Number of protein chains: 2
Amino acid sequence: MDYTQSEIERALRKAGYRLTPQRREVISAVMECRRHFTPAELYEKAARRRSGIGLVTVYRTLEMLARLGFICEVHAGGNCRHYLIRPTGEHHHHLICSGCGRVVNFTGCDLTGLERRLRRETSFTISGHLLEFVGQCVDCRRREEKG
Amino acid sequence: MDYTQSEIERALRKAGYRLTPQRREVISAVMECRRHFTPAELYEKAARRRSGIGLVTVYRTLEMLARLGFICEVHAGGNCRHYLIRPTGEHHHHLICSGCGRVVNFTGCDLTGLERRLRRETSFTISGHLLEFVGQCVDCRRREEKG
DNA sequence: TGCTAGTTGAAAATCATTTTCAATTATTCC
DNA sequence: GGAATAATTGAAAATGATTTTCAACTAGCA
């Protein structure tokens with residue numbers, strides 16, 4: 001289901017990137033994330049564990065991981081980039097809690113029928129789609145009801 | 001199908017906003033857009049027609065129009081906001097050409113089944129979804145094939 | 001071990017967006 | 001029509017995320 005640190009490191013090497021201590025640290029910090037994160041958040045986290053990692057390196061490493069397909073961007077709103085670990089391979093989407101940012105991955109979006117219809121009606125070549133559900137998880141709902 | 005300038009102006013007044021020449025100009029510039037646009041693009045267009053409109057005012061007016069539901073944001077990539085005219089009322093989504101930015105609105109996304117499944121499986125309260133298709137329109141495809 | 005191209009990170013640059021605030025003006029009330 | 005007043009405008013400055021620059025450093029190869 002999830003990639004391991006060494007799988008990612010291997011893929012990185014294979015793609016011609018060098019394996020530096022900073023990159024290892026960023027990867028390991030990413031792998032602990034259970035919700036979406038911003039470059040700045042990840043920087044804090046990684047820098048806390050190994051002082052001397054630069055924000056720029058975090059940016060660059062995240063960009064690299066996204067290029068390799070290990071993380072992807074989500075459109076969580078706000079004014080900065082949000083990334084998310086990608087489960088291995090398969091086509092999937094996200095259900096995002098607007099309260100805490102928790103993310104649930106799901107598959108089976110089944111938009112092929114709609115896609116076919118659009119292709120027929122518009123003559124577009126369709127290359128992909130962006131689908132995200134937004135809601136509130138149980139914890140956040142309870143918290144709101146109480147307070 | 002589309003709102004008229006005076007419909008928008010009326011709604012704006014009704015919501016307690018003042019009708020200024022600058023706002024009129026921005027609204028009219030928006031209404032000419034057949035694809036998505038950025039605040040900066042709209043500023044250029046509006047300022048060309050009536051010099052002296054400030055970029056800040058464009059930002060503020062677009063925010064207002066979005067709040068009133070006449071335009072909405074799209075996630076077209078890039079590093080700045082993209083807006084789009086919203087067809088009257090109904091729930092709809094966008095098919096966006098990655099080449100030229102042309103936008104086709106469509107309805108009938110039918111995600112209620114999927115939404116129900118997610119609600120059941122995750123116990124989230126689902127408040128909405130974001131769905132966009134990306135592709136290439138006929139013109140852009142031809143242009144690419146030729147050159 | 002030494003070479004070299006890839007990598008790092010501090011600082012500066014960039015760029016979209018937001019805030020500030022004094023001057024202006026649309027609307028209301030007489 | 002003419003104040004009064006609160007909303008609006010826009011230039012300039014502030015903010016904040018992201019990117020670029022470049023000299024120093026280093027991973028990985030020979």
Side-chain angles (χ1 to χ4, degrees), chain A residues 5-6 8-29 36-68 71 73-83 101, chain B residues 5-6 8-29 36-68 71 73-83 101:
Chain A
Q5 174 104 19
S6 64
I8 299 182
E9 294 183 356
R10 214 175 305 133
L12 187 153
R13 296 287 299 278
K14 202 173 155 199
Y17 294 105
R18 289 189 181 172
L19 194 51
T20 65
Q22 291 92 333
R23 284 181 175 166
R24 276 174 196 276
E25 201 64 63
V26 171
I27 293 169
S28 134
H36 56 82
F37 54 87
T38 65
E41 281 162 10
L42 204 80
Y43 166 65
E44 258 198 74
K45 191 169 166 184
R48 208 180 301 129
R49 305 197 301 189
R50 181 184 185 288
S51 63
I53 291 190
L55 179 56
V56 193
T57 300
V58 172
Y59 268 95
R60 286 192 279 231
T61 306
L62 292 179
E63 196 194 326
M64 182 194 73
L65 290 174
R67 198 161 41 229
L68 293 175
I71 60 178
E73 246 184 277
V74 283
H75 300 264
N79 50 330
C80 63
R81 217 164 292 180
H82 288 253
Y83 285 109
Chain B
Q5 174 104 19
S6 64
I8 298 182
E9 294 184 356
R10 214 174 306 133
L12 188 151
R13 297 286 299 275
K14 201 173 154 198
Y17 294 105
R18 289 188 181 174
L19 195 51
T20 65
Q22 291 93 333
R23 285 181 176 166
R24 276 173 195 277
E25 201 63 65
V26 171
I27 293 170
S28 134
H36 56 81
F37 54 86
T38 65
E41 281 162 10
L42 204 78
Y43 166 64
E44 258 200 72
K45 191 168 166 186
R48 210 180 300 127
R49 305 197 300 186
R50 182 187 185 285
S51 64
I53 289 190
L55 179 57
V56 193
T57 299
V58 172
Y59 268 95
R60 286 192 278 230
T61 306
L62 291 178
E63 197 196 325
M64 183 193 72
L65 289 174
R67 200 162 38 230
L68 293 175
I71 60 178
E73 247 184 276
V74 284
H75 300 265
N79 51 331
C80 64
R81 218 164 290 179
H82 288 254
Y83 284 109

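The shown structure was predicted, so the numbers you read here are calculated from the model rather than taken from an experiment.
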Atom pairs under 3.5 Å: protein N/O with N/O of nucleotides 25-30 of chain D:
from	atom 1	to	atom 2	distance (Å)
dA27(D)	O3'	L19(A)	O	3.4
dA27(D)	N3	R18(A)	NH1	2.9
dG28(D)	OP1	R13(A)	NE	3.4
dG28(D)	OP1	R13(A)	NH1	3.4
dG28(D)	OP1	L19(A)	N	3.1

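- The distance between atom OH of Y59(B) and atom P of dT20(C), rounded to the nearest whole Å, is 18 Å.
- Salt-bridge check for E9(B) with R13(B): failed, with every basic side-chain N at 4.0 Å or more from each acidic carboxylate O.
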Show which side-chain atoms of residues 73-83 of chain B pair as donor or acceptor with protein atoms under 3.5 Å away, not counting sequence neighbours.
from	atom 1	to	atom 2	distance (Å)
H75(B)	ND1	H75(A)	ND1	3.1
H82(B)	ND1	H36(B)	ND1	2.9

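- Note: M64(A) CE to I71(A) CD1 = 8.5 Å, rounded to the nearest 0.5 Å.
- In this structure, CD of E9(B) is placed 14 Å from C1' of dA26(C), rounded to the nearest angstrom.
- Using a 4.0 Å cut-off between charged nitrogen and carboxylate oxygen, R48(B) and E44(B) count as a salt-bridge pair.
- When the C1' atom of dT27(C) is taken as reference, atom CZ of R24(B) falls 13 Å away, rounded to whole Å.
- For R60(B) and dG10(D), a side-chain-to-base donor-acceptor distance below 3.5 Å is present, hydrogens and geometry of angles not being considered.
- What separates CD of E44(A) from C1' of dA17(D) is a distance of 15 Å, to the nearest Å.
- Rounded to a whole Å, the CD1 atom of I27(A) is 12 Å from the P atom of dT7(C).
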Checklist entry - Is there a salt bridge (Lys or Arg N to Asp or Glu O under 4.0 Å) between R67(A) and E63(A) once you walk through the steps? => result CA-CA 6 Å; R67(A) 198 161 41 229; E63(A) 196 194 326; 3.3 Å; yes
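- The shortest distance between the side-chain N/O atoms of R81(B) and the OP1/OP2 oxygens of dT18(C) is below 4.0 Å.
- G16(A) comes within contact range of no nucleotide atom at all, as no heavy-atom separation falls under 4.0 Å.
- The shortest distance between side-chain heavy atoms of E25(B) and Q22(B) does not fall below 4.5 Å.
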Mind listing the N/O atom pairs, protein and nucleotides 12-16 of chain D, below 3.5 Å?
none

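- Proximity of L68(B) to I8(B): side-chain heavy atoms (C-beta onward) are nowhere separated by under 4.5 Å.
- With a 4.5 Å cut-off on side-chain heavy atoms, I27(A) and L12(A) count as touching.
- Computed from coordinates, the I53(A) CD1 to dG9(C) C1' distance equals 11 Å when rounded to whole Å.
- With rounding to whole Å, M64(A) atom CE is found 12 Å from dG6(C) atom C1'.
- Per the geometry, OH belonging to Y43(B) stands 15 Å off C1' belonging to dC15(C), to the nearest Å.
- On a pure distance criterion of 3.5 Å, no polar donor-acceptor pair joins the side chain of R23(A) and the base of dG6(C).
- When side chains are defined from C-beta on, Y17(B) counts as touching R23(B), because their heavy atoms get closer than 4.5 Å.
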